[in-house]
Amino acid sequence: MALRTIREVGESVLTKVCREVTEMNDKWSTLIDDMLDTMYEANGVGLAAPQVGVLRRIVVIDIGDGPYVMINPVILESDGEQTGDEGCLSYPGKVGTVTRPNHVIVKYLNENMEEVTLEAEELLARAVCHELDHLDGHMYMEKVEGGIRDVGLDYYDEDFEEEEV
Ligand code: ZN
């Protein structure tokens, strides 16, 4: 298990457009493992490679039903609308209300470089849209309605969430 440092808003790596991955190798395989470890350690539901300082089109997502590894992901279709709070591991302690598509179809390569087409709804669709934005140097704050709110640094801590429920 290896944790990588999560880059925070203000660092230029979060504003750049990422390059595609053309082949799987030890470097990218290790990066993917480290991204998953880093996401779980931080209690996040998604992490994009630029958030750990790597300008490649790789994201990992886990909304609670197992990990998705998406390489060179592209949204083919989106429809519907959902409005809800969103946060980002690169902007700790903050949330904002963002409207996203409620349903997306995303095409990507998995960690074996096999093509996958996935239909995602609700939270998974939100996570896909949020993480794919990172690959083009965008963050959710650009889309926030009504301002960013301070929720404290323990917002994503599991114990805190259990207390909330
Ligand atoms: Zn983010």
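One-based numbering along the sequence shown. Just so it is clear, the structure is predicted and the values come from calculations on it, not from any experiment. Both counts, for ligands and for their atoms, begin at 1 and track the order of listing.
When side chains are defined from C-beta on, C88 counts as touching H134, because their heavy atoms get closer than 4.5 Å.
Of all protein N/O/S atoms, those under 2.8 Å from the Zn ion (ligand 1) are C88 SG, H130 NE2, H134 NE2, and waters are not counted.
Cluster note: V13 groups with V9, L14, L55, Y91, V98, M139, Y140, M141, V144, I148 through ILVMFWY side-chain heavy atoms spaced under 4.5 Å, whether in direct contact or through intervening members.
Here side-chain hydrogen bond (donor to acceptor under 3.5 Å, both in side chains) pairs that include residues 100-125, with residues two or more places apart or in two chains, are D79-H103, E86-R100, R100-D133, H103-E119, N110-E114.
Side-chain atoms of Q51 and S90 form a donor-acceptor pair, as typed in the model, at a separation below 3.5 Å.
Hydrophobic clustering (ILVMFWY, side-chain heavy atoms < 4.5 Å, transitive): V45 and L135 are in one cluster.
Contacts of R149 classified as salt bridge (charged side-chain N to carboxylate O under 4.0 Å, His left out), with partners at least two apart in sequence or in another chain: D85.
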